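Please read the structure below before turning to the comments.
Letters go in sequence order (proteins before strands), and every chain restarts at 1. Just so it is clear, the model here is predicted, and its values are computed rather than measured.
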Amino acid sequence: MYLPDFEYHMPATIQEACALLAEKGQVAKVLAGGTDLLNKMKHGLVAPAVLISLKQLEQLSNIEYEEGKGVLIGARATHNAICNSKLLQEKYLSICEAAHHMANNQIRNVGTIGGNISNAVPSADLPPILMALDASITLVGTKGERVMALEEFFVGPGKTLLAPDEIIAQIVIPDQSCTGSTYIKFGLRRSGALAVVGVAVAVTMDGNVCKDARIVLGAVAPVPMRAPKAEAMIIGKAISDDLLEEVGVCASTECKPIDDIRGSAEYRRDMVRVFTKRALRKAINEGHV
Amino acid sequence: MEALVDNSGVKRYLVTINVNGDDYTRIVKANTLLVNFIRDELDLTGTKKGCELGDCGSCTVLMDGKPVNSCIVLAVEADGHKFTTVEGVAQNENLDRLQESFVDNAAVQCGYCTPGMIMSAKALLTRNPQPTEEEVREAISGNLCRCTGYVNIVKAILAAASE
């Protein structure tokens, strides 16, 4: 399988990359890891006349902590760089674990967090845990920089608020008051499989009482979605098995799954109930895992 | 990276890619895939093409020590990086102990997945010389063996680790 011809650019700065995007218009695509884009090009699903490579933008691969801002993950950081980051392992092992359960080793060495987000696939594994931790993303364009909550970024399958001249530069995870977070996923294989259902939660516990909670459901709606009713149901309450079951049932009524090759809507709905319960129990008892 | 334009206006790039310790400087088109560069330009045909979509792992090579699928990496993106292919695992005609172990444990059936399996296993053992069976299975989970000979492959990798 060969690739069609395209014009290749390797800008030295992100501003140069944005200017190229603006100049070339809709026929241009940004190339980061390429694990998704090159596949789509081989299949003829997309046929960009221009590829703008981020190869030279080394600073976009950094994972660091900045006082007052939180953990900053460069958009070009690979999934394995996230898994192996000491900083993330210490602060949010839940993000490392979510990255570790994606695809397989070869893909994780090349695929990037920015690519995973910009593709806006409903079953993507990183957005749910990032949304549960209230992450925001920094977009850079020809007119400058803007920051938005990741939750607001997704519009529909493959659709985001990214403007044609913009590039995702950074993902910011603000300092947390939550005591635990996790992402658990059900796929048809343990490796190299998309999520049939993925549930991420972040909880703030005070003894046995849940002070705050964020529940994010993946692969069961056009975009990764919060489950606000389920969240409201658990906040301020003492945790019990009955409560967790009720919250799971509530989340399953909030999601909007479809039937597809990987699972039926009915099955996904019931898995949301089970996985919401399990994810909450895990984050409550084990912290950031 | 220097670009050259021919009379018909096609742009080509001068890349230098290190494979198995040697620098190769070649002229490639932007759409040249690393796997084709390795097989066609360098005549290193040990690296196999399977699905060509990054699912099967047949084309696995090590990029700066890490396994990647060479079918979904552009040669222009590989410029300046160091690669190891299955030809670079043996030292001076002597098979690596991992390769010996594949022979001893009959971990090869049709053989098509073997180069990729060797590369994923080599990367694992370099990083983690004493892996558990679970870690071995995880490390080769991006390499499909359609003879389904996984049992002996896992055995071979564990045996090489325990030597």
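- In this structure, chain A has a heavy atom under 4.5 Å from the side chain of B:Leu144, while its backbone stays farther away.
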Between chain A and chain B, are any donor-acceptor pairs under 3.5 Å, and how far apart is each one to 0.1 Å?
unit_1	atom_1	unit_2	atom_2	d
A:Met1	N	B:Glu52	OE1	2.6
A:Met1	N	B:Glu52	OE2	3.2
A:Leu3	O	B:Asn31	ND2	2.9
A:Pro4	O	B:Asn31	ND2	3.4
A:Asp5	OD1	B:Lys29	NZ	3.0
A:Asp5	OD1	B:Asn31	ND2	3.2
A:Tyr8	O	B:Tyr13	OH	3.1
A:Tyr8	OH	B:Glu77	OE2	2.6
A:Asn39	ND2	B:Leu53	O	2.8
A:Lys42	NZ	B:Glu52	O	2.7
A:Lys42	NZ	B:Cys71	O	2.8
A:Ser53	OG	B:Glu77	OE2	2.5
A:Lys55	NZ	B:Glu77	O	2.9
A:Lys55	NZ	B:Asp79	O	2.8
A:Gln106	NE2	B:Thr60	OG1	2.9
A:Gln106	NE2	B:Ser120	OG	3.3
A:Gln106	NE2	B:Asn143	OD1	3.0
A:Arg108	NH2	B:Glu138	OE2	3.4
A:Asn109	ND2	B:Pro67	O	2.8
A:Arg190	NH2	B:Glu134	OE2	2.4
A:Ser191	OG	B:Ser141	OG	2.8

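- For A:Leu3, the parts lying under 4.5 angstrom from a heavy atom of chain B are both the backbone and the side chain.
- Comparing B:Leu74, B:Val10, B:Ile140 by how many heavy-atom pairs each has under 4.5 Å with chain A, the most go to B:Leu74.
- At a 4.5 Å heavy-atom cutoff, the contact between A:Met10 and chain B is made by side-chain atoms alone.
- Residue with the most contacts toward chain A among B:Ile72, B:Val35, B:Leu53: B:Leu53 (heavy-atom pairs, distance under 4.5 Å).
- Residue with the most contacts toward chain A among B:Gly57, B:Ala139, B:Cys71: B:Cys71 (heavy-atom pairs, distance under 4.5 Å).
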